[in-house]
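Every number for a ligand or one of its atoms is a count from 1 in the order of the listing.
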Amino acid sequence: MNVETTAFRAAIEAVRAVEPRIADAIVEELHDQRESLKLIASENYASPAVLLAMGNWLSDKYAEGTVGRRFYAGCRNIDTVEAVAVEHAKALFDAPYAYVQPHSGIDANLVAYWAVLADRVEVPYLKKFGKRQVNDLSDAEWAELRTASGNQRMLGMSLDAGGHLTHGFRPNISGKMFDQRSYGVDPATGQIDYPALREIAREFKPLVIVGGYSAYPRKVNFATLREIADEVGATFMVDMAHFAGLVAGKVFTGDYDPVPHAHIVTTTTHKSLRGPRGGAVLAQPELADQVDRGCPMVLGGPLGHVMAAKAIAFAEARRPEFATYARQVVANSQALAEGLLRRDVRLVSGGTDNHLVLIDVHPFGLTGRQAEQALLDSGVVTNRNAIPQDPNGAWYTSGIRIGTPALTSRGLGVAEMDQVADLIHTVLTGTVPDGSSKARYHLDPALADRVSKQAAEILAPYPLYPAVDLG
Ligand code: PLP
């Protein structure tokens, strides 16, 4: 029996001895993931080494603080883990500084926002008051600093153009921390309108400009965004949660690599980067002290076991195979886009430069909600997403977002992408909206069943976790 099978079987049996329902859920999840055609752009399959690095006693240790400066005793092994993860992250992204403690992408963004506010607002106020730290301020001084911190401006990509809730939108804490204004895309091209962005920045004068997205299918010119930020005196932050794998794999280089251009970069580690669920922050050295305050400023104690898995994922991403993988992710995404375009499916921006494709389902008479569910009924897992100027709002939407990081990890290539495009087209043309609601629809169960079987046939030559046999 190979080492992965032995390890996972033993772990599941240990869990089963305490609570069989949890063991069953773990086994069922592998089964579900093996069976489904996963096109969710933000998901992937971490390697067995990444998964196994998380199941151990590194989880038991409190380690608030940073390497060598902990608020708890006995952290020498967590120090090793964190230092190795930082070393790999810096080398992978060619970054002068890395912080690997954030528990998720949202947490990484919060760390970055507080670091920017500290750098641009708190430090100047402390200087003005002649004080060293916030605890030294009088109540009146503290009130003045709090008012100033709460009145700063952020410019980020609009939600319907592909921005993320954490980029200053009202349903997220960032929308309460910042006065936000958005930039969008040119309706004719579906691509970022840089001259319009520059105009908004000149007029709005934000403290921070955020680049990065969850659902924008094109490259972003980060050199231009930095130029605009410099012109208006803004700190430039990039949230590369979605495309970090393409940066790591050197698909996005030069003007399209955010790391040399941004003052601060945040990411998740589990999407195209293919690591454990988690986040990280990269920064220019002048922001490092403020980022280091992430825990306990906005984060709970670091998760030693997850930092260990991040170290493994970063080390994997430094290998040449990962660059091959990243290039294939984009080749697959472009093949999928071409397959859909050939079948007259409308794509936002008319194609893709990255790992994701955004389908406009409006021409099919469907909402995103109806299309998402009909695809799911047919064994194709996607998610609905707003499109620019979406008439159906953020809940029902008019878009379906699909991405190739997961299928590419399984080994599928360009040839299979055309087959996948055909399945998507078949389901979208076969789904009839039910006029009584934006959620209901009719789909012939025989068609759904046929597509599910075809999806299983496409996946069959590419078993997921082939080394893991749970019996
Ligand atoms: N930032 C962007 C651009 C994202 O797309 C996401 C996740 O969808 C996040 C942040 C949040 O990541 P997490 O779910 O790990 O908090």
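- Heavy atoms from both the backbone and the side chain of Ser104 come within less than 4.0 Å of ligand 1.
- Looking only at heavy atoms of the protein, atom 1 (N) of ligand 1 is closest to Asp239 OD2, 2.6 Å.
- In this structure, Thr397 OG1 and Ile387 CD1 are separated by 8.0 Å, a value rounded to the nearest 0.5 Å.
- A donor-acceptor contact closer than 3.5 angstrom links the side chains of Ser398 and Asn392.
- The aromatic rings of Phe236 and Phe222 are tilted relative to each other, their planes meeting at an angle between 30° and 60°.
- Contact atoms of ligand 1 toward Ser214: 2 (C), 3 (C), 4 (C), 5 (O) (distance under 4.0 Å to a heavy atom of the residue).
- Proximity to Tyr213 (heavy-atom distance under 4.0 Å) selects the following atoms of ligand 1: 3 (C).
- Among protein heavy atoms, the minimum distance from atom 7 (C) of ligand 1 is reached at Lys271 NZ, 2.6 Å.
- Close contacts of ligand 1 with Thr268, meaning ligand atoms under 4.0 Å from a residue heavy atom, involve 12 (O), 15 (O).
- Under the 3.5 Å distance criterion, with hydrogens and angles disregarded, a donor-acceptor pair is assigned to the side chains of Asn109 and Thr166.
- Side chains of Arg218 and Ser349: a donor on one and an acceptor on the other come within 3.5 Å.
- With 3.5 Å as the limit, one finds no donor-acceptor pair spanning the side chains of Tyr465 and Gln33.
- At a heavy-atom distance under 4.0 Å, no atom of Arg277 approaches ligand 1.
- Close approach to Ala241 involves these atoms of ligand 1, each under 4.0 Å from a residue heavy atom: 1 (N), 2 (C), 3 (C), 4 (C).
- Protein non-hydrogen atoms do reach within 4.0 Å of atom 5 (O) of ligand 1.
- Contacts between Ile106 and ligand 1 below 4.0 angstrom, taking non-hydrogen atoms only, involve backbone and side chain alike.
- In the model, Glu338 has no side-chain atom that pairs as donor or acceptor with a side-chain atom of Gln334 under 3.5 Å.
- Residue contact check: His242 has heavy atoms under 4.0 Å from atoms 5 (O) of ligand 1.
- Of the N and O atoms on the side chains of Thr408 and Tyr325, not one donor lies less than 3.5 Å from an acceptor on the other residue.
- In terms of protein heavy atoms, atom 14 (O) of ligand 1 is closest to His270 NE2, 4.5 Å.
- In terms of protein heavy-atom proximity, atom 13 (P) of ligand 1 is closest to Gly105 N, 3.4 Å.
- The distance between the ring centers of Tyr213 and Phe243 falls below 6.0 angstrom.
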